There are 2 protein chains.
Amino acid sequence: MRSRTSARAQITDVAARARVSPATVSRVMNGHASVAADLVERVLSAADELGYRASPVARSLVLGRTQTIAVMVPDMANPSFQEVLRGITRAAAADGYRVLVADSQEDVTQEPGLAREARRHCDALVLCAPRMSDAELAALVPALAPVVLTHRGPTPGVPTSSADYRGGIAALLDHLAGLGHRRLVYLAGPPSSASHRRRLEGIAAHVADHPGLSVDVLPCGVGFEEGYAAGEAVRRSGATAALAFNDLVAMGLLSALHEAGVAVPEEVSVTGFDDIPFARWTTPPLTTAAVPHGDLGQEAWRRLRALLDGEEPPPDVLVHPEVQVRASTGPARAEGAA
Amino acid sequence: MRSRTSARAQITDVAARARVSPATVSRVMNGHASVAADLVERVLSAADELGYRASPVARSLVLGRTQTIAVMVPDMANPSFQEVLRGITRAAAADGYRVLVADSQEDVTQEPGLAREARRHCDALVLCAPRMSDAELAALVPALAPVVLTHRGPTPGVPTSSADYRGGIAALLDHLAGLGHRRLVYLAGPPSSASHRRRLEGIAAHVADHPGLSVDVLPCGVGFEEGYAAGEAVRRSGATAALAFNDLVAMGLLSALHEAGVAVPEEVSVTGFDDIPFARWTTPPLTTAAVPHGDLGQEAWRRLRALLDGEEPPPDVLVHPEVQVRASTGPARAEGAA
DNA sequence: TTGAAAGCGTTACCAC
DNA sequence: GTGGTAACGCTTTCAA
């Protein structure tokens, strides 16, 4: 019944139909006060009849902002990045911002280019766990502003939302030491990971403070397979407890241990890191340092929004992971027993 | 040393520096032939010195396209949607397109509005597992074109990349029947899920074809908790095998069964659906119908790209899930034994 | 081959 | 309060 133009209605169409100027239509559509009530009415109904919606691209051009931010992650398949991505997306959506994803696919050499490129299309950028060096990061950041960082310690001039990996691993170590463990192994993350380096620092400090405690570092990685492959080395190490770089590695290790007939936690205790949703559902359920990634994402957004609004961003947040004690850790087996 | 303007260089700046017109700069930057070699040279070096990059927004306005697509998912926390999102993102990135994510947070009422909104900012849209009714979907789709669908059966005029859930559940049923199971339960997904309804059809057809086989349908859901909560009902049902709506539900169930001291698969066999990366690492590893979500995402992109290029999209793809036999399924326990 | 100028669809400044 | 109109930064006819 109603007339339909094939092309989308534009502001001039609405203006013509409402017998006002485009300027007035714009004012009405954007809720600017000071438009006579009857004109508002005419414009609104004209817009409604035409199904008019302003072109976001045209608005972006004149306004100089896109209402979109970009989020760069090293790997979209990693649950912890998925959680922060989700946290950011929801928080940003609540404020009327959209998010563009950029996946660097764990390729460090791509990061700077990808970040620049993503940033050009958006109003701001969040860098999740960038793998590039501190020097590269520092050099890049000015060109990226407004920008915030997650999963990575303080960087001058960049608001940060991160976790205390150092403290988290220390808390795990405390938990294990309390259970009588003295010989431990740490299944290391990739050297390019800043959060891995923080864990290493935490371990070193803890060992220095606790004579009689030893922690061997076993090169490992970030995924199931790598944790699984480390099973043999863990057994040979003679350690009574293993700290995995993250929950994925822990799950791989759990699997290898189970297959080898090694009882967890009776013979070997295992801890993860992150507390991804799956950690609660492993067999046995995984003791891990809980990092609220969704909250980190939300906090990252708060800082970005402040930057976008020209305000002072809240101070850096460093959430302290809390040890979630579950069934994968228990008292150390008697010395000498294997 | 080098001069720096605080604002970004624009096409006119490059033109001035190279002593050519903006039109020529545009032609050079876009690789249009028919520009004298020396001018190309001058423009290129001027652009380089100024660090010039064309404004994507301005280009979008004049070109009428953004080089961006939107992907709407019901829940970013669900591994299978994460996988298709990842597949789409990578495939699109390879073709120079970016992706915007829209999370409907499992709220059906939000879907139409969110889809429209997301679409307006992009050149095209992919709808992952939309929960809205067929009628709503059919009504909405014309306003969304170009659009493709995943996780959902054929819809007139919309290229689709989906899996044969009906066949997948049938294959699982075959596997279980072959192991001697006769009394089964299906832990149902949400009624609004189209793929759940396909599974139901597959079950009905299979039961009709196999007298002596019974499958009870237990209302359940999509997540760990729901699978966990169903543990009690599964035990009481007397079934020797349980088919979970997806891997998450299966993991929850596995956990409940383990806690209750029910041996899997000796007393009860359990199957999942999707074969998310975690399925390989549960205890016992989960038998499941493998859906290559990454590939589905990639195929969705191929269709979208064809649409964007004004070409005929490839025919709908319906991948056939393959049963991944792992340790969570085994021979049915003897009749009467409980 | 090159340049001038007309858009692309808005918003916002400046008059009236 | 309302309406012209100049941007926003680029691409692309149309002439030369």
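Here is how names work: the chains are called A, B, and so on, in the same order as the sequence lines, proteins then strands, and each is numbered from 1. Not measured: the values here are computed from a predicted model.
Close to D/dG3, at under 4.0 Å from its OP1 or OP2, lies a side-chain N or O of A/Thr24. An OP1 or OP2 oxygen of C/dT11 is reached within less than 4.0 angstrom by a side-chain nitrogen or oxygen of A/Arg59.
Proximity note for A/Ser34 (side chain, C-beta onward) versus D/dT2, D/dT11, C/dT10: the nearest is D/dT2. With D/dC10, D/dT2, D/dT12 as the candidates, the nucleotide lying closest to the side chain of B/His32 is D/dT12. The side chain of A/Ser26 sits closest to C/dT11 out of D/dT2, C/dT11, C/dT2.
Here the closest non-hydrogen pair linking B/Ser80 and B/His293 is CB-CE1, 3.2 Å. Closest approach of A/Trp301 and A/Ala92 over heavy atoms only: CE2-CA, 3.7 Å.
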(Q) Before you tell me yes or no, could you show the steps for A/Arg86 and B/Asp75 under salt bridge (Lys or Arg N to Asp or Glu O under 4.0 Å), namely the whole-Å CA-CA distance, both residues' side-chain angles and the distance that decides it to 0.1 Å? (A) CA-CA 9 Å; A/Arg86 179 164 177 258; B/Asp75 179 11; 3.6 Å; yes
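With hydrogens and angles disregarded, no donor-acceptor distance shorter than 3.5 Å links the side chain of B/Thr160 to the backbone of B/Ser162. With hydrogens and angles disregarded, a donor-acceptor distance shorter than 3.5 Å links the side chain of B/Arg152 to the backbone of B/Pro130.
Under 3.5 Å, the side chain of B/Arg8 and the base of D/dG9 form no donor-acceptor pair of N or O atoms.
Where B/Arg120 and B/Arg19 each meet DNA chain C at their nearest nucleotide, the meeting point lying more 5' is that of B/Arg19. Residues B/Ala36 and B/Leu61 both approach DNA chain C. Their nearest nucleotides, taken by heavy-atom distance, put B/Ala36 toward the 5′ side.
Residue contacts shown for A/Ser55 are limited to sugar-phosphate atoms, with no base heavy atom under 4.0 Å away. As judged by a 4.0 angstrom heavy-atom cut-off over every strand, A/Arg53 is placed among residues touching the sugar-phosphate backbone only. Residue-level contact check: A/Leu63 touches the backbone only, with heavy atoms under 4.0 Å from sugar-phosphate atoms and none from bases. Looking at heavy-atom distances under 4.0 Å, A/Val35 makes contact with sugar-phosphate atoms alone, never a base. Among the protein residues, A/Ala23 comes within range of the nucleic acid bases, having at least one heavy atom under 4.0 Å from a base atom. Here A/Val20 lies in heavy-atom contact (under 4.0 Å) with sugar-phosphate atoms only.
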